[in-house]
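Values below: every heavy atom of this structure, side chains too, minus hydrogens, waters and symmetry copies.
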Amino acid sequence: KKLFFDTHALVCLLEENGFTTQQSEVIVSALVKIMNTNLDMIYKDMVTKVQQEIALQQVMSHIGGVKKDMIILEKSEFSALRSENEKIKLELQQIKKQVMDEITKVRADNKLNLNLEKSRVKELVSFASVQIVSFYCFVVQHAQQDRALTQTDRKIDTEVADLKTMLESHKLDNIKYLAGSIFTCLTVALGFYRLWI
């Protein structure tokens with residue numbers, strides 16, 4: 001456990017580099033003490049081969065005990081865990097089946113609802129188109145009726161104007177006949193008046 005080296009050669013090397021003999025010996029003795037102290041500290045942390053064998057035997061005995069415990073656990077606990085895992089797998093499969101059934105039901109309901117909505121929208125669109133067509137027909141009929149009414153109004157206005165014109169012309173004719181009749185009566189009356197006088 002000691003480190004051996006040539007201290008005299010180190011002293012000579014130090015003297016060659018400018019140290020005195022006394023300085024060189026002090027430096028070398030200090031180095032030897034430091035190295036011995038370091039080695040003692042290193043060896044304190046180290047174990048001997050016998051101690052290593054004892055520690056290895058203890059570890060192996062612990063490992064053997066753990067193996068026995070693992071075998072016992074495997075036979076008892078692991079079998080229980082396996083059975084629990086099997087139960088959980090079966091439950092998960094049942095839940096998965098139920099979820100898939102629910103999903104198919106929801107999909108079927110959604111498809112049915114979508115189809116119903118599509119048919120309802122188609123009906124609304126067809127009804128709206130019928131309403132639009134009927135409204136368009138009504139507007140066209142109304143426009144035709146307005147045109148017919150306008151033409152009728154024009155005809156009536158024309159007939160009224162013609163009648164007014166005719167009445168005015170008959171009035172003038174009547175006035176002429178009346179004036180002629182009055183003048184004729186006056187002439188006849190004057191003729192009788194002269195005859196009587």
*Glu15 and Thr21: side-chain donor and acceptor closer than 3.5 Å?*
yes
What residues form a side-chain contact (heavy atoms from CB on, under 4.5 Å) with [X], not counting sequence neighbours?
X: Val26; value: none
X: His62; value: none
X: Ser129; value: Ser126
X: Val130; value: none

Of all residues at least two apart in sequence or in a different chain, which pass the side chain to side chain donor-acceptor pair (under 3.5 Å) check with [X]?
X: Arg120; result: Glu117
X: Ser181; result: none
X: Gln145; result: none

*Distance in Å, Thr150 OG1 paired with Arg147 CZ, rounded so as to fall on 0.5 Å steps*: 9.0 Å
For residues 185-197, which side-chain N or O atoms pair as donor and acceptor with protein atoms under 3.5 Å away, sequence neighbours left out?
from, atom 1, to, atom 2, distance (Å)
Thr187, OG1, Phe183, O, 2.5

_Please check: side-chain N/O of Gln23 versus main-chain N/O of Thr20, any donor-acceptor pairing under 3.5 Å?_
yes
_Glu168: which residues meet the salt bridge (Lys or Arg N to Asp or Glu O under 4.0 Å) condition with it, sequence neighbours left out?_
Lys171
*Check which hydrophobic residues are tied to Tyr136 through side-chain heavy-atom contacts below 4.5 Å, counting indirect links as well, and list them.*
Val140
_Members besides Leu124 in its Ile/Leu/Val/Met/Phe/Trp/Tyr cluster (side-chain heavy atoms under 4.5 Å)_ = none
Side-chain donor-acceptor pairs of residues 96-105 under 3.5 Å, sequence neighbours excluded:
from, atom 1, to, atom 2, distance (Å)
Thr104, OG1, Met100, O, 3.2
Thr104, OG1, Asp101, O, 2.6

